[in-house]
Amino acid sequence: MAQWAGLANKAIKLPVIAGPMIRTELVSYAKLMFDRKLTNSAGGNISIRVGENEILMTPTLMSQRFHCELKPNQILLLDQNENVIEGDGKVTREVNMHMASYQENPDIKCVLHAHAPESLFFCGELRRNA
């Protein structure tokens, strides 16, 4: 997971209205996550804190519809009330999980929610054998 560390550290230095460079980088991390099978078509999202009350976030159906092949303009800038300030697309239903993480701990700079097939299998096996 060392590849995510650089992304989280960059969020600390960003202006509130994040420019195209960070959006392009977020798009590349989403694609990398899908290509390395860290998530599948079932879902997943990435968000980055870019201001005290703002985050950049991948849109709904990032995996299912787009297979993580996003364009920078699809990365959404959201306020603390989950309103879209910038970006083309709709907010994912998992936004509340991301926002709760940021509100609970101000040190959190990035949230990665994925559906890694091996993890899903492992959780299913634990539940079945419990």
Examine distances only and state if a side-chain atom of [X] and a backbone atom of [Y] form a donor-acceptor pair shorter than 3.5 Å.
X	Y	result
E104	S101	no
R49	E54	no
R23	N73	no

Identify the heavy atoms of [X] and [Y] that sit nearest to each other, and give their distance.
X	Y	result
M57	H98	CE-CD2, 3.2 Å
S47	Y102	OG-OH, 2.7 Å
L56	I22	CD1-CG2, 3.5 Å
M99	Q80	CE-CA, 4.1 Å

Heavy-atom check, side chain of [X] versus side chain of [Y], under 4.5 Å:
X	Y	answer
V91	V84	yes
I46	V111	no
L70	P59	yes
L78	N83	no
I75	T58	yes

[X] side, atom [atom1]; [Y] side, atom [atom2] - distance, nearest 0.5 Å:
X	Y	atom1	atom2	value
D79	I85	CG	CD1	4.5 Å
H113	M33	NE2	CE	9.0 Å
L112	I48	CG	CD1	10.0 Å

May I ask you to decide whether R93 forms a salt bridge with E82, counting only side-chain N to carboxylate O separations under 4.0 Å? no
Results of side chain to side chain donor-acceptor pair (under 3.5 Å) for N53 - residues two or more places apart only: none
Tell me whether L26 is reachable from V50 by hopping between hydrophobic residues (I, L, V, M, F, W, Y) whose side-chain heavy atoms are closer than 4.5 Å. yes
